[in-house]
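So the structure is just underneath, and the comments pick up after that.
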Amino acid sequence: MSNLISIKLLVFSPLLISIFFLLPIFSGHTVLIRRFAKLFAGLHFLYTLLFYVFANSTQNDNSYLALINSSNASATSSPLNFLSELTFMGTSWISSLGIKLTFGLDGISIFFVILTSFLVLMACIASKGVIRSKHSLYYALIFILETAILGVFASCDMFEFFMFWELELIPMYFLISLWGDGRAKKSAMKFLLYTFIGSLFMLIGFLMLYNFNFIATGVFSADIHTLTLNIDTTPVYLQILATLFMLFGFAVKTPIIPLHTWLPNAHVDAPAPVSMLLAGILLKMGTYGIIRFNIQLLPDAFLIIAPYLIVLAFINIVFAAVVAYYQTDIKAIVAYSSISTMGIVLLGLCSLNTIGLTGAIFLMLAHGIISAALFFIVGIIYQRTKTREVNQLGGLAKVMPRLAGFGLVFALAGMGVPFMMGFVGEFLSFVGAFGSAILNNYFIQVIVMLSIFVLVLSTIYLLKLIHKTFYGTILERWETLSDITNHEFVVMFSMAFVVILFGIYPTPIIDTISPCIVTLVEAFGG
C-alpha cells in the first residue's frame, strides 16, 4: 500500500501539474488544455478515493487521532492514517524551531480531501464555455488552489496549516479578478483583505499556542498532536485569549456575521466555476479550522465561549435568510443562503455532543455539493441570458427543461427535504443542539426552535428562485435559448447523484467520522 498511496503526491501533484500548463506545448491549444485539465482532475479524484478505500480496509495504530490520544488509553482512535513528513535532504522543514511539513488524514479530513478533488473536477468540466481567455493560466491557478486547500485539510503542523491557508489567497484573488464580471477586481481585493486580516489574528493565536507549549516542555514544536497533549498546563484565561484570536480568522472564512460582507460580492462577481469552489470548499476551511484548533486543541476554552457562538449562529441563520429573501439577483440569493446554512453548521459544532458534531460535519459536506450545484445553475442562466435579475427571467423551463429539473432537485436539497444530504446534516445538527448540555437547556432549545422556524424562509426564497426563473410566462427573447449541453449535464448529474445517494444512505460517511467525533466529545466529558 505504501508504494501506491502517497499523501505527499496527493497534495503536491496538482501544484506540479500546474507548471505544465505554462509550457509552450499548450500555447494556443485551448481544447488540449481543457482536456488535459479534466483528465488530470479525474485521475486525481480517483486517487483520493483510494485513500478512503485503503484506510477502511486497514487498521493502523499510527492514525492521526491515535497519536493525539496516545496518552489516553480510553480514547477511541480513528482507523485512518497515511502520516508522512516532507523532508529536505533528511531534515525537517525548519527543524531548529520544531516546524515540520507533516501530512496525515483522519476520518474527518479524508472527506474534505475527497470533496475538494471532486469539486475541482466538476469545476474543470464546468469551465468549458465559461472561460474564454488565458486558459493556461486559469487551469494552472485552479490546480495551485487545489494544492493549497488539500494542504490545509491534510496538515498536521500548525504553521504548515497557516502556510497553505495563506497560499490559497493568491490563486483565488486572480481567479476572481481576471475572469470575473462586474466589479471583479474590487470584490477580489475585498476577499483578499478580509481573509488576510483574519489570518493575522489567527497567526497571533498560533504563536500563543506555540509559546504555551515551549513554556510547558522547553521544546519548540508546532505539531498539532504535541500541542494537544500539553495544552492542559496553560491557564484557561490564556487558552480563551488564544482561541478568540484563532476564531476571528476562521470566522472570516466561514463566514460568521458581521465578518461576512466579502462573500456576496465575491460570489456575484466571480465566474461560476470559481463560485463553485468558493462556496463548496473555501467556506468549509473556516469551520474545519474551528474543529481542528478551537474544539480539538482548546476544549476548555471552547466550552466557555460556545454559548456566545450559539447566539452568533442564530444571527447567521436569521439575518442571512431574511436578506436572501429580499434579493433580486439570483446569485446573491444563493450566496446569502450559504451564509445561513453555515450558521446551522456552527450551531451543530457548538452543541459539543456526538449527534450535533456529526450533523455539522455532514452538513458541511452536503452544503459543499449543493451550493456548488446552485452556483453552477445560476452561471448557466447568466451565460445564456446575460442577466441575473429574477424579475427579468421566467418560463425558462419551457426551453430548458433539463436545467429546470436539476434546479428543482438542488433547491429541494437546499431546503433540507428528506432523502437528500442536506436533510441528514440539518436534522442531526438541530437534534444535537436541542439536546446540548453546555448551558441552560431551555435557552438552547428556544434557539433551535426559532432557527427551525426561520428555515421556512429558506423554503420560500429557494422556491421563489425556482418559480420566478423557470416557471410562469416566458419572455419572447428567451424562447430561443438552448438547454444544458452534455458537459453541463455531466456536472449536474454527478452532483445530484452524490446528494441523493448519501441522502438515502449516509452510513459510510457517518461511520467513518464517528470515531473522530467520539474522541473530540470525550474531551468535553461527553
Side-chain angles (χ1 to χ4, degrees), residues 122-123 125-132 179-182 264 267-276 279 321-338 340 369-417 420 422 456-497 499-500:
M122 295 297 101
I125 299 174
S127 296
K128 181 181 179 181
V130 178
I131 305 303
R132 302 182 182 279
W179 289 275
D181 301 307
H267 271 313
V268 168
D269 295 328
V274 177
S275 286
M276 291 170 64
V322 172
V323 175
Y325 176 77
Y326 286 102
Q327 296 299 306
T328 58
D329 186 315
I330 54 178
K331 206 170 188 182
I333 293 174
V334 179
Y336 278 104
S337 73
S338 292
S340 184
I369 300 174
I370 295 169
S371 62
L374 288 172
F375 276 113
F376 184 48
I377 290 171
V378 170
I380 292 173
I381 294 171
Y382 179 73
Q383 184 182 3
R384 285 160 171 74
T385 65
K386 303 306 178 186
T387 182
R388 291 190 297 262
E389 286 297 315
V390 68
N391 297 322
Q392 298 179 19
L393 300 169
L396 297 185
K398 180 179 179 181
V399 292
M400 307 173 74
R402 293 200 298 179
L403 181 63
F406 282 121
L408 183 59
V409 167
F410 289 111
L412 293 174
M415 296 174 201
V417 170
M420 293 188 178
V456 174
L457 277 179
S458 70
T459 302
I460 294 174
Y461 63 66
L462 286 173
L463 285 178
K464 168 188 170 183
L465 171 67
I466 296 300
H467 179 263
K468 290 201 170 185
T469 301
F470 292 109
Y471 300 100
T473 303
I474 186 172
L475 298 179
E476 184 178 348
R477 63 176 179 271
W478 306 140
E479 291 182 349
T480 58
L481 295 180
S482 59
D483 204 355
I484 54 176
T485 61
N486 290 335
H487 77 274
E488 291 168 340
F489 178 85
V490 168
V491 175
M492 291 281 93
F493 179 82
S494 300
M495 291 193 283
F497 177 79
V499 167
I500 295 173

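Computed from a prediction, not measured in an experiment: that's the story for all the values here.
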- What is the minimum heavy-atom distance between Ile377 and Gly407, and which atoms define it? CD1-CA, 3.6 Å

- May I ask you to test the Phe470-Ile381 pair for a side-chain heavy-atom distance under 4.5 Å? yes

- Message: Please check: side-chain N/O of Gln392 versus main-chain N/O of Thr387, any donor-acceptor pairing under 3.5 Å?
- Response: no

- Message: Quick check against the 3.5 Å criterion: does Ser340 have a side-chain atom that pairs as donor or acceptor with the backbone of Tyr336?
- Response: no

- Message: Could you tell me if the side chain of Trp179 sits less than 4.5 Å from the side chain of Pro273, heavy atoms only?
- Response: no

- Query: Any side-chain heavy-atom pair from Lys468 and Asn391 closer than 4.5 angstrom?
  - Reply: yes

- Task: May I ask you to test the Val490-Asn486 pair for a side-chain heavy-atom distance under 4.5 Å?
- Result: no

- Query: Phe406: what forms a ring pair (Phe, Tyr, Trp, His ring centres under 6.0 Å) with it, not counting sequence neighbours?
  - Reply: Phe489

- Which pair of heavy atoms, one from Phe376 and one from Met492, lies closest together, and at what distance? CD2-CE, 3.1 Å

- Query: Within the distance-only criterion (no hydrogens, no angle test), does the side chain of Lys331 pair as donor or acceptor with the backbone N or O of His267 below 3.5 angstrom?
  - Reply: yes

- Query: How about Val268 and Arg388: do any of their side-chain heavy atoms sit closer than 4.5 Å?
  - Reply: yes

- Please list, chain by chain and in numerical order, all residues satisfying ring pair (Phe, Tyr, Trp, His ring centres under 6.0 Å) with Trp478, sequence neighbours excluded. none

- Message: Less than 4.5 Å apart, side chain to side chain, heavy atoms only: is that true for Ile369 and Met122?
- Response: no

- How about Glu479: does its CD atom have over 12 heavy atoms from other parts shown lying under 6.0 Å from it? yes

- Donor-acceptor pair, side chain of Asp483 and main chain of Arg402, under 3.5 angstrom: yes

- Considering only heavy atoms from C-beta outward, does the side chain of Thr485 approach that of Lys128 to under 4.5 Å? no

- Query: Between Val499 and Val409, is any pair of side-chain heavy atoms under 4.5 Å apart?
  - Reply: no

- Interatomic distance, Met400 atom CE to Thr469 atom OG1 [nearest 0.5 angstrom]: 10.5 Å

